[in-house]
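One structure is given below, encoded as structure tokens.
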Amino acid sequence: MIIHPTENTPGTNKLSHIAFIMDGNGRWATMRGMPREYGHTIGAKVFRRVAEYCFRGGIDIVTVYAFSTENWSRPKREVDAIMNVFGSYLKMGLTDMAKDDICVRFLGEKTPFAPETRELMERLETESLGNRYKLNIAVNYGGRAEIVNAVNRLIASGAREVSEESLSSAIYTAGQPDPDLIVRCGGEVRLSNFLMWQSVYSELYFTDTLWPDLTDNEIDKAVENYYHRKRRFGKV
Ligand code: FPP
């Protein structure tokens, strides 16, 4: 069970936004003698379970890194499989997200997706707008590209210079607080171009657990670990 300290515990910042780098699907499948694509099918199921667990546990915003701008260069068969899993999720999401009071936002440019996928993504965003829990899915996402796009959008709207505030209002997560905690599965200890602007003061939690093996118990552990950190935001 996710446990938050009571509101009047001094020195704690409530964990309201958690982000996940869902790494290790391919290895998880290979270890079982299955094609990598199978790992993504299971990974998508785990993604739903994890998001629901976090929302039930009182976390308001969940962000997941599902597909990076670099992932397009994987073998076509694997990219197609991920897009299929993603497409099925979108169709299911359209019926389930409203019921579960979840507002979905996609982080990333939608132009490279097939027109029908794009349409589903836009519908899901529009139809879930205003729901209580925020679920951000980073697809075709790159942190540097996000910053460059934001600057270009500001320039196109007439800005001659940008500020931290204007840039924060032009990135994909505009209007949301930055992630308090970023959890990376799969054993690598890096951010891999994820939330470059938003992660400056995020606490980081790395685990060797492969994404499909991530249990509720390990999420509890990551949250407990977060609440033991001293967050000073550059102050003393
Ligand atoms: C990283 O594992 C995972 C991905 C690149 C794809 C993740 C996609 C999904 C979970 C499915 C679609 C998404 C949603 C939101 C429904 P990896 O393949 O890099 O694993 P490896 O490090 O073992 O090779």
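All residue numbers refer to positions in the sequence shown, counting from 1. Every number for a ligand or one of its atoms is a count from 1 in the order of the listing.
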Using a strict cut-off of 4.0 Å, indicate which atoms of ligand 1 neighbour a heavy atom of [X].
| X | value |
| --- | --- |
| G26 | 17 (P), 18 (O), 20 (O), 21 (P), 23 (O) |
| R36 | 17 (P), 18 (O), 24 (O) |
| Y89 | 16 (C) |

Listed partners of T215 passing side chain to side chain contact (heavy atoms under 4.5 Å, CB included), at least two apart: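 T215: side chain to side chain contact (heavy atoms under 4.5 Å, CB included) contacts with N217, E218.
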Can you tell me if [X] contacts ligand 1 (heavy atom of the residue under 4.0 Å from the ligand)?
| X | value |
| --- | --- |
| R74 | yes |
| G24 | yes |
| E188 | no |
| F47 | yes |

Charged N-O contact under 4.0 Å between D80 and R77: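 Salt bridge absent between D80 and R77.
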Looking only at protein heavy atoms, which one is nearest to [atom], and how far off is it?
| atom | value |
| --- | --- |
| atom 12 (C) of ligand 1 | V85 CG1, 4.1 Å |
| atom 23 (O) of ligand 1 | R27 N, 2.7 Å |
| atom 8 (C) of ligand 1 | A66 O, 3.6 Å |

Examine [X] together with [Y] and report whether their ring centres are nearer than 6.0 Å.
| X | Y | result |
| --- | --- | --- |
| Y172 | F106 | no |
| W211 | F20 | yes |
| Y141 | Y65 | yes |

Residue portion contacting ligand 1 (non-hydrogen atoms closer than 4.0 Å) for M22: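 Both the backbone and the side chain of M22 come within reach of ligand 1.
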Region of N71 that comes within reach of ligand 1 [heavy atoms, distance under 4.0 Å]: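 The part of N71 near ligand 1 is the side chain, not the backbone.
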For the student: nearest non-hydrogen atoms of Q198 and I171, plus distance: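 Minimum heavy-atom contact is NE2-CD1, 3.5 Å.
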Main-chain N/O of D23 paired with R184 side-chain donor or acceptor, under 3.5 Å: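 The answer is no, because no donor-acceptor pair under 3.5 Å joins these two groups.
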Co-members of the apolar cluster containing M1 [side chain, <4.5 Å]: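 Noted: M1 shares its cluster with I3.
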